[in-house]
> 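Sharing a structure below in structure tokens format, with a few things to ask.
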Protein chains: 2
Amino acid sequence: MEEVTSKQQNREASKKPQTEAQAHGYDPNKYERPSVTVDVVMMSVRQKDLQVLLVKRRSWPYEGMWAIPGGFVNMDESLEDAAKRELQEETNVENVYLEQLYTFGDPGRDPRTRVITVVYFALLDSERLHVKAASDAADVRWFSVYNLPPLAFDHAKILDYALSRLRGKLEYTTIAFSLLPEQFTLRELQHVYEIILNKEMDKRNFRKKILATGILEDTGERKMEGTHRPARLYRFNPAAEHKL
Amino acid sequence: MEEVTSKQQNREASKKPQTEAQAHGYDPNKYERPSVTVDVVMMSVRQKDLQVLLVKRRSWPYEGMWAIPGGFVNMDESLEDAAKRELQEETNVENVYLEQLYTFGDPGRDPRTRVITVVYFALLDSERLHVKAASDAADVRWFSVYNLPPLAFDHAKILDYALSRLRGKLEYTTIAFSLLPEQFTLRELQHVYEIILNKEMDKRNFRKKILATGILEDTGERKMEGTHRPARLYRFNPAAEHKL
DNA sequence: CGAATAGTGTCTTTAAGACAGTATCCA
DNA sequence: TGGATACTGTCTTAAAGACACTATTCG
């Protein structure tokens, strides 16, 4: 129930009329409002490592520290649209995996004012990905999630949470495929699992299990690199999503 | 990064100074802010049914329709504290299971103004529970999740989401115990599973599986009701949380 | 033919599921 | 002793895990 109760105080002056609402005697400015931001945790598997994109803060608070990219939500855009906008401000990829992660809103988490942040989680495949050559390249960088710098705000907690969500979903969803290009070898897929779960897996059991689900389609092509037998290239078959 | 960019307009007049923030040249009123509410989906297993507590709206919008209880977040309380406050406004139970569910914030979901709602999910055990005799008993009621009235806002979508979360977590967490009193029979536990998953389960396999995990402790007591053999009473052993 | 990675099969163990009869209490 | 629910065990099937050798390519 988004009902007006009488506990809070009116601390804001009223603004321009919002026709229908005001016709019903509803004053949208009756309560003091927190700021709402959307932060986007962008992860990718690169260089045999699970990495996250961070930006260096250029002003108070936490000036010079690294932080998860984010920004205010516009009044007329959905939370997901705000997340997509942030994503495009930092990278130039589209159609990435994007889900809402959690909302963090403890008073005091931001010294400026009360800030509630809705955190989204994006997974980028290493191939299509290139970070925008923003103002200053030194201000936007990939970091290993296993070796993070000191982080601004409560962002260390947020990354912990993102990693555990990723690990959980890896087991019962097809989330891993969003970290790979369209075609990939079984070994590459296994590496994604191993890097995220941070443990080695048995090659034979892994292949058996994945192939048994029927979510992979043999492309007929092969990937040759180095001086050894080439590997088959597979592609994810979304039609067989159900299994796993 | 909760960084001030220059895209949005300054539509609010500044308020009283917030010392540290303003000393750093940060103006907390630079952006128009959405309203933030916390809604709490309260569910319980009662009368062999999974039920949710709803309140009847007394004013525009959606006047007379049923809605999930909720309210504005105070500037100095955490989101979880706001949820606990809502919980206590409607019921008089403490120490209930409470988790954050999801944040809904589409523009237009509330005709009054932009409202972003952080939804929490509470599970109440049927024994301790009694709804507060609020202003008017007819305005607060339990409904079967399998037979809901028309709901205000996007609340039908929210309840769908809550139910699927509950079903998912039932399988790999000990969430079911928060719907039962301290002592319960295996049959009662099985009924909780059956009611939530909406399917019958085999008694022998269910008991075998639950007992094998070691999360139950035999109290030595028995529950007698009706003219038949009494059932053993168990209690949940949180020390053995890991299994399941 | 040596180096390097791709690719394959069997056995064991564990968990899940199908299935029916005996035990205990009360009236 | 009849009615009602508690309680129990075996067999089958499927999934997970341990484990080692052959195949193919390039230089």
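Worth saying up front: this structure is predicted, and the values here are computed from it rather than measured. Letters A, B, ... are given to chains in the order of the sequence lines, protein chains preceding strands, and every chain is numbered from 1.
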> Kindly state each residue pair satisfying salt bridge (charged side-chain N to carboxylate O under 4.0 Å, His left out) with at least one member in residues 173-187 of chain B, sequence neighbours excluded.
E182(B)-R235(B)

> Answer yes or no: is there an ion pair linking D139(B) with K56(B), defined by an N-O contact shorter than 4.0 Å?
no

> Who passes salt bridge (Lys or Arg N to Asp or Glu O under 4.0 Å) against K203(A), sequence neighbours left out?
none

> When you measure from every atom of DNA chain D, which of residues 181-190 of chain B have a heavy atom less than 4.0 Å away?
R187(B)

> Taking the six-membered ring for Trp, are F121(A) and Y102(A) ring centroids under 6.0 Å apart?
no

> Taking CD from E221(A) and P from dT25(D), how many angstroms apart are they, rounded to a whole number?
16 Å

> Between protein and nucleotides 16-19 of chain C, what N or O pairs are separated by less than 3.5 Å?
from	atom 1	to	atom 2	distance (Å)
dG17(C)	O6	K208(B)	NZ	3.0
dA18(C)	N7	N205(B)	ND2	2.9
dA18(C)	N6	N205(B)	OD1	3.1
dC19(C)	N4	D202(B)	OD2	3.3
dC19(C)	N4	R204(B)	NE	3.4
dC19(C)	N4	N205(B)	OD1	3.4

> Indicate, with yes or no, if the rings of F184(B) and Y234(B) have centres closer together than 6.0 Å.
no

> Please report the distance, rounded to the nearest Å, between CZ in R232(A) and P in dT25(D).
11 Å

> For the residue pair Q51(A) / D49(A), report whether a side-chain donor-acceptor contact shorter than 3.5 Å exists.
yes

> Is the closest side-chain donor-acceptor distance between T117(A) and T37(A) under 3.5 Å?
yes

> Send over the distance from D218(B) CG to dC7(D) C1', rounded to a whole Å.
13 Å

> Rounded to the Å, how far apart are K199(A) NZ and dG17(D) C1'?
11 Å

> What does the inter-axis angle of the helix from dC1(C)-dG27(D) to dA27(C)-dT1(D) come out as, five pairs per end, nearest 10 degrees?
0°

> With side chain to side chain contact (heavy atoms under 4.5 Å, CB included) as the criterion, how do L163(A) and L50(A) come out once you've worked through the C-alpha distance, each side chain's angles and the decisive distance to 0.1 Å?
CA-CA 10 Å; L163(A) 183 56; L50(A) 178 61; 3.6 Å; yes

> Expressed as a whole number of angstroms, how long is the span from K203(A):NZ to dT5(C):P?
10 Å

> What is the separation between atom CZ on F206(B) and atom P on dC7(D), rounded to the nearest whole Å?
13 Å

> Is the NZ or CZ atom of R141(B) positioned over F143(B)'s six-membered ring, under 6.0 angstrom from the centre and within 45° of the axis?
yes

> Any chance you could measure R167(A), atom CZ, to K199(A), atom NZ, to the nearest 0.5 Å?
10.0 Å

> Can you check the R207(A) CZ to dT22(D) C1' distance for me, whole Å?
14 Å

> Test side chain to side chain contact (heavy atoms under 4.5 Å, CB included) on L186(A) and L216(A) and set out the steps.
CA-CA 9 Å; L186(A) 277 174; L216(A) 290 192; 3.6 Å; yes

> Could you tell me if the side chain of F104(A) sits less than 4.5 Å from the side chain of I116(A), heavy atoms only?
no

> What's the separation between atom CG in N237(B) and atom CG in D218(B), rounded to the nearest 0.5 Å?
12.0 Å

> Contact list please: residues 223-231 of chain A against DNA chain C, heavy atoms, distance less than 4.0 Å, in numerical order.
T227(A), H228(A), R229(A), P230(A), A231(A)

